[in-house]
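Just so you know, ligand 1 is whichever comes first in the structure, and atom 1 is the first atom listed for that ligand. Since the model is a prediction, treat every value here as computed from it, not as a measurement.
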Amino acid sequence: FIPSRAPASKSALRSHDDSPDPPLTMLIDHHDSYTSSIPPMLSTPPVILPYTVPLEIVNALKPTAIVLSPGPGDVHNPVDTGVSSQILSSGLYDDTPILGICLGHQIICSQLGLEVSQLPSPTHGIAVDVEGEWGGRWMKYNSWCPPSQSVPSGVEVKCESEDGIMGIRSGKWLGCQGHPESIETEVGAKIIGEFESMFEGEGTVEAATQQQQQHRQVSAGETYTAAQKSFDYNDQFEFFKKLNERHENTFILDSNTDNKYSPNDRYSYVGFAEKLYDEGDILLNLNLEKSFVGDVDGDFKGGYVGYLNYEYKKFCRDGSNLSPDITVLKQAITTLRGRGDERRCNILENYLKELEGEREEEKRGEGGEEEEEMGCFGEVRNWVVFDHELNKLSAVTLDTHADGEWFKEVEEILDEENVKEVGGVSYDGEPSFSYRIDPSQYKEDISTIKSEIKKGETYEICLTNRLQFSCPPSSPRFGLSVFSNLRKINPAPYSCYFNYMNKEIACSSPERFIKISDGVAESKPIKGTIGRGATPEEDLINKQKLKNSVKDKAENVMIADLVRSDFSRVCTSVKVDELYAIESYETVHQMVSKVTGELGRGRTEEFIKATFPGGSMTGAPKRRSMRIIEGLEKRERGVYSGGIGWLGYDGSASLNMVIRTVVVDKATGLGEIGCGGAITGLSDVEEEWEEVRIKAERGIKAVKQAWSGTKESGGGTEGGGGKEATKKRRWRDRVGVLRAVLNIK
Ligand SMILES: C=C(O[C@@H]1C=C(C(=O)O)C=C[C@H]1O)C(=O)O
Ligand SMILES: NC(=O)CC[C@H](N)C(=O)O
């Protein structure tokens, strides 16, 4: 991994104005997943620059204070320290207030001549009580640390722990090994206060301007409305099965599945897509900026229902193959423009142009892009919402002039007899499952990750595997039978089934990736898993074990902190409403945190691109961890690890985290169950493997039940009558032929 370092030409540095510059706090971002949580702590809002900018650009901008962010990697490696070490060694900033955090602290210590060494057994996500002037509770995400040692005169040790020197000050340079921006650090504000006291009062006007800018509201777009008719009916799955007989590209977002352990979501939705969007940057083609006027049940008011594959990351800030420098620079330019700082704005604009030109060259050099599936969203104008609190079904349509056609169809469906169960259909033999990455290799990969963590390359990684199986021959919509079982044996609030194009997705996810409602964004990352106990006593013990587990809390807070930082890129008032809460499901207890932030309206696409893929499926820091994942997993993850749900025309949204999910490719008859878990420095190889097995267990069981025709399979179509059913049967035969051609069993 080599960050680009474009040379700055003379034209980039040309200045147009000789009037004195206003003060400027510069934050150098080492592509860490926590960097964006730093600006909200500063009363002087910084301009963020990537650590790959050339020193000439930094010099030309004349910063009056600098923050060096945390980051992955090794302080002795110039590729990891980038412009930060050049700033310190240039001699130009000896009298500039500089605050280094974690990697930034290590860079400052190195420059001051201190040794920085690798910790024998590093821990990440565990807060420690630190002694000294800056003593108190500090969160650590580091593998390296300056050991306690004698320091040169003029250098003051501010706090120490068993690991070594946790805080220093030398003139106007401050360094802290812990993370002041973490939710679990108590003393963050104190260090920031000491840093800012060196240039107090200089940035108050700027603060006001930036604050305004962050609250930017996109003006309301075109308005639209809907009509609704309600019925006394509450079986969303029966309704879905009948609708599925009549339409192509159907879905059920099945939120209420009688989970006796944890709350369900209030609404379920059933419908079909009228137009599918599955190419390129899917979100670009969706209209998410309208305003809804009216009163219909549910949070979804029409728009798009579907999924983003993990590979959609390519269009997002952290996952793009191009370095995120361009996004960061564009933001810096907007900030400077907002402040009327023309001179600095010009410097960055010229540099950005050069960088973009270079990237075009790189792209041309790369040749043709390989085709990857990015996901699929279907436009939905007619749907049914089930309110599980009031036990009613409402048919909703956006085609308000269409003479109640949709309402008539819904009535017809309600009058129809239920689709007959397929319970009786059992297929010969039984499914055989194989892991895509065999267990011994997977365990080796866990060890590899542990050694990357030791080197400081990553703090935590969500490693995954896939269980693969072939569906029985001539079993179209086998996935529906699987789902029909899965929803009973693994009820979860973000369950769903999709029958879009060539895919069936049977999902029983307990995890919310994002929700956007009334301009407020929310995420509920899950990290920390333990199996249920065999007896009520054992179950309670397991739950307590998870609640008190140092390792699981570490796993969880690392991602909660990551999500806070992702949110802070686009939201204000980012808060943690819950930390380390426990939710229980059929086979596992899960540790869940909840992060919220003020987003404002009309920013759904921007928000998703700033936060996708969800941190719980990548690890932290996200960017470097995703690279490591690619190296180990060596294949796309597909829908697994992405997000399924809806994106409203009105900008509201709800996407789950795609886990505990069976995906069937209808054309090939191949099925997959994704399963994985977070690896940290504290991970035990065998325990991690056991966790993967537990997570896959219900998916496997649902496939087996569908295969053997267990009574719980209520989702088949064999019994469906009428013209539609004949049409579907013919289509089914075609799949049979395809299988024969491809020689798939
Ligand atoms: C990777 C999976 O789950 C993820 C990992 C978890 C963990 O490590 O505890 C918990 C929930 C998910 O974010 C999976 O279920 O396949
Ligand atoms: N969080 C950080 O900045 C980590 C710094 C460095 N990579 C370490 O592991 O020590």
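Between His124 and Tyr459, the angle of the ring planes stays under 30°, which puts this pair in the parallel group of the 30/60° scheme. Between His31 and Tyr51, the ring planes are perpendicular. Angles over 60° get that label, and only those under 30° would be called parallel. Taking the six-membered ring for Trp and thresholds of 30 and 60 degrees, Tyr307 and Phe498 have ring planes more than 60 degrees apart, a perpendicular arrangement. Using bins of under 30°, 30° to 60° and over 60° for the plane-to-plane angle, the ring pair Tyr312/Phe612 lands in the perpendicular bin.
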For ligand 2, list all ligand N or O to protein N or O distances below 3.5 Å, rounded to 0.1 Å.
residue, atom, partner, partner atom, Å
ligand 2, 1 (N), Tyr141, O, 2.9
ligand 2, 1 (N), His179, NE2, 3.0
ligand 2, 1 (N), Tyr459, OH, 3.0
ligand 2, 3 (O), Gly71, N, 2.8
ligand 2, 3 (O), Gly71, O, 3.2
ligand 2, 3 (O), Leu103, N, 2.9
ligand 2, 7 (N), Gly71, O, 3.0
ligand 2, 7 (N), Gly73, N, 3.4
ligand 2, 7 (N), Gly73, O, 2.6
ligand 2, 7 (N), Gly456, O, 3.2
ligand 2, 9 (O), Ser143, N, 2.8
ligand 2, 10 (O), Gln106, NE2, 3.0
ligand 2, 10 (O), Ser143, N, 2.9
ligand 2, 10 (O), Trp144, N, 2.9

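Ring centroid separation for the pair Trp173 and Phe195 does not come in under the 6.0 Å cut-off. Aromatic ring centres of Tyr494 and Phe513 lie farther apart than the 6.0 Å criterion allows.
Contacts of ligand 1 (protein heavy-atom distance under 4.0 Å) are Cys462, Glu511, Ile526, Lys527, Gly528, Thr529, Glu555, Ser616, Met617, Tyr640, Ile659, Arg660, Gly674, Cys675, Gly676, Gly677, Ala678, Glu691, Lys695.
Tested against Glu457 for a salt bridge (Lys or Arg N to Asp or Glu O under 4.0 Å), the candidates Arg627, Lys450, Arg624 yield a single pass: Arg624. Screening Glu583, Glu511, Glu578 against Lys524 for a side-chain hydrogen bond (donor to acceptor under 3.5 Å, both in side chains) leaves a single residue, Glu583. When Arg635, Arg623, Arg637, Lys313 are each tested for a salt bridge (Lys or Arg N to Asp or Glu O under 4.0 Å) with Glu630, only one passes: Lys313.
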